[in-house]
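For reference, the structure is listed below as structure tokens.
A, B, ... follow the sequence lines: proteins, then strands. Residue 1 opens every chain.
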Amino acid sequence: MQLFNTLTRKLEHFTPQTPGEVTLYTCGPTVYDYQHIGNYSAYVRWDTLVRTLRESGYAVDWVMNITDVGHLVSDADEGEDKLQKGAKREGKTAWDVAKFYMDDFLLGLKALNVLTPTHVVRATDHIAEQIALIKTLEQKGYTYIIDDGVYFDTSKSPDYGYLARLDVKNLQAGARVEFNKQKRNVTDFALWKFTPAGQKRDMEWDSPWGKGFPGWHIECSVMAMKYLGETLDIHTGGIDHLPVHHINEIAQSEAATGKQFARFWLHCNHLMVEGSKISKSAGNGILLHNLAEQGFNALDVRMLLLQSHYRTQANFTMDGLRAARQRRLSLQAFADLRFQTVEAGELNAQSFTETHNVMLEELQNDLGTPDALAALSTLAESAQTYLVGSDAARAFADFVAFLDRVFGLKLGDSKDITVGQKQLITERETARAAKDFAKADTLRAELEAQKITVRDTPLGTIWARSD
RNA sequence: GGCACCGUGGCGGAGUGGUUACGCAAUGGUCUGCAAAACCAUGUACACCGGUUCAAUUCCGGUCGGUGCCUCCA
């Protein structure tokens, strides 16, 4: 399997440290608001990675974090805590806000048919471990304390910023952002933030340095290493995490262990909406709820994402979503043909095997979902023309199961039509043979009302679901 | 201002030094009792200007345009 490793900026052959077992960490959301389709796009991308790894024979131990504390409005460790801000906005406690949006996020993942990670872990459940890691860093001399918290001294990390190819000197010269003047280096980041004197936060804990809460970056290092070991096979995240969050994760993790933190770093690009980036102020952060109200299935969004490569800046448009929906329904009609194999069908088991192999090859080539889909569409189209022979029924069923494993479009979920519906089709054929077209059309309308479209082919009547 | 990336037919979106990506839509046709279905066919796509090459959309340089990051975000 080939994956593009941000660490080397090259397509590399991937093999895990332990044969057959992959350790994977994915940066999850900060749960202070609803997740929009752009946020979700990342998890669909990484879901495809997990599915492809599993299909390639690897067991995948997958950890995703939920940031429910400590992520400040600015990565420069300034401003309010996002959770605290959300709490103020909604008149709830930060704990309530976190719980509410975490649950909503998990429901969204389910709707998108994103596999459940082996471990979904919350930062607030790992406060003791975070304090322990900060202590280790302190003992090794990587930290210093200023008025608002405990900071990591990035100048002590010789390769600081390498992943992002950060030019640290240039950054310092061109720094425009105001930061705490007590910081030794502009890139230094908070490991622990103090609760300001005289204040009481919803979320705060005692620590050796004083009451407060953990910095945003430390949680990922802690939870990744706790569940997956000191060196991960793969660490994934959105491209926005590259220049700050990920280089900080590397700095603190490697400072603590002296070992490489992650062997492969994968970054997905952002989804645009109508050609612009998604931002709260632009009001284009479309939610799954919004799309559901317009009659779209979350799987239509999944389809749309599969059509583009995870490293490109894909564009979400309503026209694109409609096209994706049509394409998904067309693939569903193809999958439903497995209930309708015919004696004289020309598509044999080999057709499915060949397409299966091409698709897997494309996926293993840095998750080439667009090319894998193209191969599938080509087969689906020929199936409409040549129909599938009954001798290939088993191969067809296996193929649909494969599609669901890698694409997660739930094509295999649809059942055969009912005996009653089959009866209607037979009756309609009889009526047609008797040239009683009025009756035939009535029966067709009846089927249509049950979301079944019929079409007449030289080899007989074929049905497809219209929803 | 600094650093990247990108510019593909109506839309979305792959890929490649010389052969149809693919999907959606559109147009024409076939089949059909009819058809909203299905199938077949069609669009002289690869921003512009140079260069390298027998050959460039695909490599190199420049121009123009767009986007992202540097500042919250997946």
Side-chain angles (χ1 to χ4, degrees), chain A residues 9 26-30 32-33 35-46 71-76 78-80 82 85 164-167 170-171 173-179 216 236-245 267-272 275-281 285 303-304 306-331 333 362 368-378 380-382 384-387 431-438 440-441 444 448 453-458 461-464 466:
Chain A
R9 305 289 153 101
T26 292
C27 278
T30 301
Y32 67 105
D33 202 343
Q35 299 293 300
H36 55 63
I37 51 170
N39 300 129
Y40 278 120
S41 74
Y43 307 111
V44 172
R45 307 281 196 203
W46 305 133
H71 195 165
L72 302 187
V73 173
S74 155
D75 274 354
E78 298 296 318
E80 288 181 274
K82 287 182 175 177
K85 194 179 172 190
R165 304 295 189 269
L166 214 59
D167 181 350
N170 187 41
L171 256 186
R176 297 182 311 165
V177 187
E178 285 298 309
F179 62 95
W216 170 43
T236 70
I239 197 166
D240 52 292
H241 282 160
L242 180 52
V244 177
H245 183 52
H267 291 92
C268 61
N269 213 320
H270 282 179
L271 182 69
M272 313 289 281
S276 308
K277 76 164 181 171
I278 301 174
S279 69
K280 279 249 153 62
S281 54
M303 180 79 239
L304 181 136
L306 288 171
Q307 293 184 111
S308 65
H309 192 262
Y310 78 97
R311 285 193 285 118
T312 65
Q313 205 172 56
N315 191 21
F316 176 96
T317 64
M318 289 312 289
D319 279 346
L321 186 62
R322 276 186 281 274
R325 176 178 171 75
Q326 286 305 112
R327 186 176 198 174
R328 184 176 66 80
L329 290 175
S330 146
L331 287 180
E362 295 293 358
T369 53
D371 283 319
L373 262 181
L376 170 58
S377 287
T378 302
E381 188 177 40
S382 76
Q384 296 287 342
T385 310
Y386 302 108
L387 298 182
R432 286 181 69 221
K435 301 220 181 279
D436 184 353
F437 299 122
D441 287 349
R444 183 168 62 195
E448 200 64 54
T453 298
V454 294
R455 62 192 182 86
D456 306 313
T457 77
T461 298
I462 297 290
W463 57 265
S466 56

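- Between the C1' atom of A74(B) and the OH atom of Tyr32(A) lies a distance of 11 Å, rounded to the nearest Å.
- Checking G33(B), A74(B), U67(B) against every side-chain atom of Cys268(A), the shortest atom distance belongs to A74(B).
- Taking Thr236(A) as the reference, Thr26(A) meet the side-chain hydrogen bond (donor to acceptor under 3.5 Å, both in side chains) condition, with sequence neighbours excluded.
- By the salt bridge (Lys or Arg N to Asp or Glu O under 4.0 Å) test, Arg311(A) is found to be paired with Asp366(A), residues two or more places apart in sequence or in another chain being considered.
- Thr453(A) comes within 4.0 angstrom of sugar-phosphate atoms only, judged by non-hydrogen atoms across all strands, and of no base.
- Within 4.0 Å of Glu381(A), counting heavy atoms only, lie sugar-phosphate atoms of the nucleic acid but no base atom.
- Nucleotides A45(B) and A37(B) place their P atoms 27 Å apart, quoted to the nearest Å.
- The distance from the CD atom of Gln313(A) to the CG atom of Leu271(A) is 9.5 Å, given to the nearest 0.5 Å.
- If you take atom P in G29(B) and the same atom in A21(B), they sit 26 Å apart, rounded to whole Å.
- For Arg455(A) and C34(B), the CZ to P distance is 18 Å, given to the nearest whole Å.
- Listed by chain and number, the residues in a side-chain contact (heavy atoms from CB on, under 4.5 Å) with Gln326(A) are Leu329(A) (sequence neighbours excluded).
- Using atom C1' as the reference point in both U27(B) and C60(B), the two lie 41 Å apart (nearest Å).
- Shown here are the salt bridge (Lys or Arg N to Asp or Glu O under 4.0 Å) partners of Arg432(A), two or more places apart in sequence or in another chain: Asp456(A).
- Ala42(A) comes within contact range of the sugar-phosphate backbone alone, with a heavy-atom separation under 4.0 Å but no base atom that close.
- Between the CZ atom of Phe437(A) and the P atom of A35(B) there is a distance of 12 Å, given to the nearest Å.
- Across all strands, Met303(A) comes closer than 4.0 Å to no nucleic acid atom at all (heavy-atom distances).
- Partners of Arg165(A) by salt bridge (Lys or Arg N to Asp or Glu O under 4.0 Å), not counting sequence neighbours: none found.
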So what does the secondary structure string of RNA chain B come out as, 5' to 3', with Watson-Crick or wobble pairs under 3.5 angstrom, [ ] for crossing and | for pairs with another strand?
(((((((..(((.....[...))).(((((.......)))))....(((((..]....))))))))))))....

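- For the P atoms, the distance linking C5(B) with A36(B) amounts to 49 Å, nearest Å.
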Sub-3.5 Å pairs of nitrogen or oxygen atoms, protein against nucleotides 7-13 of chain B:
from: G13(B); atom 1: OP1; to: Asn315(A); atom 2: N; distance (Å): 2.6
from: G13(B); atom 1: O2'; to: Gln307(A); atom 2: O; distance (Å): 3.2

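- Here the separation of A14(B) from C48(B), taken at their C1' atoms, is 24 Å to the nearest Å.
- Residue-level contact check: Tyr40(A) touches neither bases nor backbone, having no heavy atom under 4.0 Å from any strand.
- Qualifying side-chain hydrogen bond (donor to acceptor under 3.5 Å, both in side chains) partners for Glu448(A), counting only residues two or more places apart in sequence or in other chains: Thr453(A).
- Using a 3.5 Å distance cut-off with no hydrogens or angles, the side chains of Arg327(A) and Ser377(A) do pair a donor with an acceptor.
- Distances were taken from every side-chain heavy atom of Asp456(A) (C-beta onward) to each of A35(B), G15(B), C69(B); the shortest belongs to A35(B).
- For Met272(A) and A74(B), the CE to C1' distance is 13 Å, given to the nearest whole Å.
- Residue-to-nucleotide proximity on RNA chain B shows that, of Ser330(A) and Arg165(A), the 5′-proximal contact is made by Arg165(A).
- The residue Leu271(A) sits close to a base: some heavy atom pair falls under 4.0 Å.
- Computed from coordinates, the Leu387(A) CG to C39(B) P distance equals 11 Å when rounded to whole Å.
- When rounded to the nearest whole Å, the span between CD1 of Ile278(A) and P of A74(B) equals 11 Å.
- Remark: ring of His270(A) overlaps the six-membered base ring of A74(B) in a stacked fashion, centroids less than 5.5 Å apart, planes less than 30° apart.
- Rounded to the nearest 0.5 angstrom, Gln307(A) CD and Leu373(A) CG are separated by 6.5 Å.
- Nucleic acid contact class of Arg432(A) (heavy atoms, under 4.0 Å, all strands): base.
- One interatomic measurement links the two molecules: CZ of Arg311(A) to C1' of G15(B), which rounds to 13 Å at whole-angstrom precision.
- Between C3(B) and U44(B), the distance separating the two C1' atoms is 40 Å to the nearest Å.
- Counting to the nearest Å, the C1' atom of A14(B) and the CG atom of Leu306(A) are 13 Å from each other.
- Judged as a ring-ring contact (aromatic ring centres under 6.0 Å, His included), and not counting sequence neighbours, the contacts of Tyr40(A) are Phe105(A).
- Look at the P atom in both U19(B) and G2(B): the space between them is 40 Å, to the nearest Å.
- Listed pair Lys277(A) / C69(B) meets the phosphate criterion, a side-chain N or O lying under 4.0 Å from OP1 or OP2.
- The residue Arg444(A) sits close to a base: some heavy atom pair falls under 4.0 Å.
- The nearest heavy atom of RNA chain B to Ala374(A) and to Gln384(A) marks one nucleotide each, and the one closer to the 5' end goes with Ala374(A).
- Note that the CG atom of Leu306(A) and the CZ atom of Arg45(A) stand 8.0 Å from one another [nearest 0.5 Å].
- Atom NE2 of His267(A) and atom SG of Cys27(A) lie 8.0 Å apart (nearest 0.5 Å).
- Spacing of C1' atoms, C70(B) relative to U8(B), comes out at 30 Å, to the nearest Å.
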